[in-house]
S.K.: 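Structure below; questions to follow.
Each chain gets a letter, A, B and so on, in the order its sequence line appears, and its residues count up from 1. Quick note: numbers below take in every heavy atom, side chains included, and nothing from hydrogens, waters or symmetry partners.
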2 protein chains.
Amino acid sequence: MDEVAAAAGVSRATVSRVINGAVSVAPAIRESVQRAIARTGYVPNVAARSLVTRRSDSVALVISEPERPDDHSFLNRIFTDPYFGRVTAGATGALRPHDVHLVVVPTDAADHHRVVRYLRQGHVDGVLLISSNEHDPLPAQVHALGIPAVLSSRPPGPLPVSYVDVDQRAGARLAAEHLLARGCREIATVSGPLDIPAGSERLAGFRSALPGLDIPAVTGDFTRAGGEAAAHALLDAHPSLDGLFVASDLMAEGALRAVQDRGRRVPSDVAVVGFDDSSAALECRPALTTVRQPVEEMAAEMAALLIAHIDDPGRSPRSVIFQPTLIRRDSA
Amino acid sequence: MDEVAAAAGVSRATVSRVINGAVSVAPAIRESVQRAIARTGYVPNVAARSLVTRRSDSVALVISEPERPDDHSFLNRIFTDPYFGRVTAGATGALRPHDVHLVVVPTDAADHHRVVRYLRQGHVDGVLLISSNEHDPLPAQVHALGIPAVLSSRPPGPLPVSYVDVDQRAGARLAAEHLLARGCREIATVSGPLDIPAGSERLAGFRSALPGLDIPAVTGDFTRAGGEAAAHALLDAHPSLDGLFVASDLMAEGALRAVQDRGRRVPSDVAVVGFDDSSAALECRPALTTVRQPVEEMAAEMAALLIAHIDDPGRSPRSVIFQPTLIRRDSA
DNA sequence: CTGAAAGCGCTTACAG
DNA sequence: CTGAAAGCGCTTACAG
């Protein structure tokens with residue numbers, strides 16, 4: 001920096017001002033400084049900058065798994081479920097104009113203390129927290145740290161934290177109404193894990209839209225294999241099933257396979273509706289009719305909220321709920 | 001830190017020494033400092049530390065896509081192909097004992113200058129670079145920056161950089177020999193893109209192991225859908241095919257679907273061998289016989305090499321080649 | 001609009 | 001083994 005200042009014949013303070021562009025600098029001087037920067041190839045040292053600004057210009061995307069599976073299976077799930085790619089795309093897109101970087105931090109239970117330490121050390125200015133399990137202690141821990149945070153779903157318990165979510169029940173209702181309108185008589189559902197809202201709420205919403213009907217449900221784990229197993233269980237118990245709501249597209253892909261492996265046709269014998277509208281929906285045979293949640297937009301909103309909280313620590317928490325829509329394709 | 005020093009009745013220098021544990025400190029003093037740290041909940045400021053140590057204790061995992069697809073599809077591919085989860089798992093596992101963090105940085109062509117700036121700013125001490133395309137300028141750019149780096153495959157051109165790879169040709173040969181030993185007569189292959197070694201080398205190795213045979217090949221893009229389309233093309237042109245080598249498990253999953261959609265049985269009518277031994281191999285029906293590359297171990301080795309280069313900048317580059325093995329399951 | 005100076009919170013020779 | 005002091009490379013009141 002001294003080199004640049006000398007080359008441009010100004011003080012370091014002025015160099016700093018043209019780089020950060022906050023206060024105005026005489027045009028002629030600004031240009032000569034910019035030339036000097038270009039000539040010397042100067043790049044500011046981020047550590048020195050953060051030390052004084054107390055900003056890292058980075059935020060963490062913490063993907064929390066409250067259990068403690070073996071390392072590989074957890075990371076495999078994250079890097080295999082299209083959901084996380086969509087979140088990353090949406091968040092980075094929204095962060096980019098602010099010149100804020102996204103650090104992806106997957107963490108299982110065994111790792112939580114590491115993440116807490118990481119956050120306390122000031123590596124990032126805030127956190128986007130993907131944590132859905134109701135018993136996950138991480139949201140509360142992060143909140144206790146006092147670091148700005150935005151959650152990806154309603155926090156378990158009364159935590160004063162901003163979050164973004166989709167209207168889970170409304171989405172499930174869309175699926176129920178569609179199946180009903182198609183004329184399905186014997187309807188069942190593959191739900192997600194019941195200790196996470198995307199599991200319990202979608203199930204509750206689905207059942208509440210079908211009053212008077214007894215809706216069998218089997219729980220899956222949001223993986224393709226889990227959906228397949230759950231669908232088999234359902235078909236074993238209810239061979240004449242004709243309508244199926246599966247709480248995620250990935251699970252629906254497995255469910256489709258289960259239905260077809262039994263020689264039943266989709267949608268004529270069994271109509272199947274998924275949830276997400278992820279890339280998995282298009283991989284399905286037949287292409288999946290599904291409830292769309294605008295994950296990229298939701299992640300962008302999370303990022304925008306987080307930036308707002310970082311810029312104004314006193315800002316009061318708020319929640320933003322997105323409305324799902326039904327995407328009709330070929331499976332129902 | 002001053003607070004801790006005061007509480008323990010020592011200088012800040014001593015507090016720093018017990019935290020970093022490099023030089024020895026009198027046991028009694030060390031304990032009282034540790035108690036003071038625990039009591040005050042003190043956590044060192046990383047920016048201040050990096051400023052003097054010139055270390056960030058982070059390394060980047062840069063996943064480079066030299067083309068410029070739309071953002072979503074690139075991130076979708078990364079977060080959908082099990083390969084990247086395995087790399088992340090292997091690298092974080094090896095980095096953890098060194099207390100080094102992994103920052104995942106996906107980047108397409110439009111983003112390269114951003115990444116270069118990020119690296120120059122000193123956010124990380126080194127980079128693990130996943131870049132396979134021969135025309136990707138990023139490896140050379142990173143090397144020019146002078147920042148320690150390790151590549152995930154042989155660099156295009158004579159770049160003095162360390163890298164880790166699997167013996168691609170040997171792997172393809174394993175597949176060829178297995179198909180031959182099974183008695184396959186009419187053999188074809190779905191290759192990866194030919195401008196990346198995992199595409200061209202596997203194809204070359206496969207053909208070289210089958211001298212005298214004319215081996216039709218269609219190129220896929222390492223996605224499930226790509227593998228499916230390529231297999232259909234092959235089956236259109238060669239309806240009596242009885243052996244198929246597909247250059248990745250994900251593509252093999254699609255190929256299996258193509259074969260079965262045509263009413264041909266696997267492995268009795270058509271034997272299929274994949275490559276990777278990723279989680280996709282087990283999702284296949286029937287379970288996929290495949291060439292295993294130990295991706296987690298390879299990523300761990302990359303991380304170990306990178307740490308070595310960071311600790312000793314003068315260290316000369318080296319390459320570490322892993323040997324693949326054939327995993328026999330049900331598809332061939 | 002610009003510069004001189006202080007200060008961000010650490011680590012690390014250098015003495016002792 | 002420990003402390004006083006310098007210094008890492010920036011930004012930002014404070015004057016002018």
Side-chain angles (χ1 to χ4, degrees), chain A residues 1-37 40-58 99-100 117-125 147 310-311, chain B residues 1-37 40-58 99 101 117-125 147 310-311:
Chain A
M1 179 166 209
D2 278 310
E3 196 190 343
V4 175
V10 299
S11 69
R12 291 179 349 205
T14 299
V15 174
S16 173
R17 286 192 269 255
V18 350
I19 289 174
N20 298 301
V23 290
S24 60
V25 176
I29 293 194
R30 184 183 327 130
E31 280 191 21
S32 93
V33 170
Q34 278 161 343
R35 269 198 303 280
I37 289 175
T40 57
Y42 168 73
V43 174
N45 176 302
V46 286
R49 171 182 288 170
S50 317
L51 182 56
V52 16
T53 61
R54 339 220 89 229
R55 282 288 189 89
S56 66
D57 292 319
S58 298
D99 264 306
V100 169
R117 196 183 49 183
Y118 182 81
L119 299 177
R120 291 186 63 197
Q121 285 181 139
H123 283 104
V124 294
D125 302 328
I147 181 175
I310 291 170
D311 287 343
Chain B
M1 180 167 207
D2 279 309
E3 196 190 343
V4 175
V10 299
S11 70
R12 291 180 349 207
T14 300
V15 173
S16 173
R17 287 192 269 255
V18 350
I19 289 173
N20 297 302
V23 291
S24 60
V25 176
I29 293 195
R30 183 185 325 133
E31 279 191 21
S32 93
V33 169
Q34 279 161 343
R35 268 198 304 278
I37 289 175
T40 58
Y42 168 73
V43 175
N45 176 303
V46 287
R49 170 183 287 170
S50 314
L51 182 54
V52 16
T53 60
R54 338 220 89 229
R55 283 287 189 89
S56 66
D57 292 319
S58 297
D99 263 306
H101 299 283
R117 197 182 49 183
Y118 182 82
L119 299 178
R120 291 186 63 197
Q121 286 181 136
H123 283 104
V124 294
D125 302 327
I147 181 176
I310 291 170
D311 288 342

S.K.: For DNA chain D, find the residues of residues 25-36 of chain A with a heavy-atom distance under 4.0 Å and give them by number; none if there aren't any.
M.R.: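 Result for residues 25-36 of chain A: none.
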
S.K.: Considering the options A/V124, A/V46, A/I310, which one meets the side chain to side chain contact (heavy atoms under 4.5 Å, CB included) requirement together with A/R55?
M.R.: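 By the side chain to side chain contact (heavy atoms under 4.5 Å, CB included) criterion, A/R55 pairs with just one of A/V124, A/V46, A/I310: A/I310.
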
S.K.: Which pair of heavy atoms, one from B/D125 and one from B/R54, lies closest together, and at what distance?
M.R.: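 B/D125 and B/R54 have their closest heavy atoms at OD1-O, 4.3 Å.
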
S.K.: Do the side chain of A/S16 and the main chain of A/R12 share a donor and acceptor less than 3.5 angstrom apart?
M.R.: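 No; zero donor-acceptor contacts below 3.5 Å.
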
S.K.: Give the first and the last nucleotide of DNA chain C, reading 5' to 3', that has any atom under 4.0 Å from a heavy atom of chain A.
M.R.: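 Endpoints of the contacted stretch of DNA chain C: C/dC1 to C/dG9.
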
S.K.: Please confirm whether the backbone N or O of B/R49 pairs with a side-chain atom of B/T53, one donor and one acceptor, at under 3.5 Å?
M.R.: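 Judged by distance alone, yes, a pair lies under 3.5 Å.
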
S.K.: Treat a base pair as Watson-Crick or G-U wobble with both distances under 3.5 Å, then lay out DNA chain D in dot-bracket form, 5' to 3', with | for cross-strand pairs.
M.R.: |||.||||||||.|||

S.K.: In terms of ring plane angle, is the pair A/Y118 and A/H123 parallel, tilted or perpendicular, where the classes change at 30° and 60°?
M.R.: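 Ring orientation of A/Y118 relative to A/H123: parallel.
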
S.K.: Test your reading of the model: is there a side-chain donor-acceptor pair from A/D57 to the backbone of A/V100, 3.5 Å cut-off?
M.R.: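 It does not hold such a pair.
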
S.K.: Across the strands shown, which category fits B/R54 at heavy-atom distances under 4.0 angstrom: base, sugar-phosphate, nothing?
M.R.: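 Sugar-phosphate contact only.
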
S.K.: Taking C-beta and beyond as the side chain, do B/D99 and A/R117 meet within less than 4.5 Å on heavy atoms?
M.R.: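 Side-chain contact under 4.5 Å: yes.
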
S.K.: Less than 4.5 Å apart, any side-chain heavy atom of A/I19 and any of A/P44?
M.R.: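 With C-beta onward as the side chain, the pair touches.
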
S.K.: If we take the C1' atom in both C/dG16 and C/dT12, what is their distance in whole Å?
M.R.: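 One C1' to the other, the span is 16 Å.
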
S.K.: Report which part of the nucleic acid A/V10 touches: base, sugar-phosphate, or nothing (heavy-atom distance under 4.0 Å, all strands).
M.R.: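 Sugar-phosphate: the residue A/V10, judged by heavy atoms under 4.0 Å, touches backbone atoms but no base.
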
S.K.: Any side-chain heavy atom of B/M1 sitting closer than 4.5 Å to one from B/Y42?
M.R.: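 Counting from C-beta outward, B/M1 and B/Y42 do come under 4.5 Å.
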
S.K.: Taking the side chain from B/R30 and the backbone from B/V25, do they hold a donor-acceptor pair closer than 3.5 Å?
M.R.: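 Yes; at least one donor-acceptor contact below 3.5 Å.
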
S.K.: Would you classify B/D2 as touching base, sugar-phosphate or nothing, given that sugar-phosphate means primed atoms plus P, OP1 and OP2, and contacts are heavy atoms under 4.0 Å?
M.R.: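 Touches nothing.
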
S.K.: Name the residue closer to the 5' end of DNA chain C, choosing between B/T14 and A/S11 according to the nucleotide with the nearest heavy atom.
M.R.: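 Looking at DNA chain C, the more 5' nearest nucleotide goes with A/S11.
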
S.K.: Are any non-hydrogen side-chain atoms of B/I29 and B/Q34 less than 4.5 angstrom apart?
M.R.: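 B/I29 does not reach B/Q34 side chain to side chain.
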
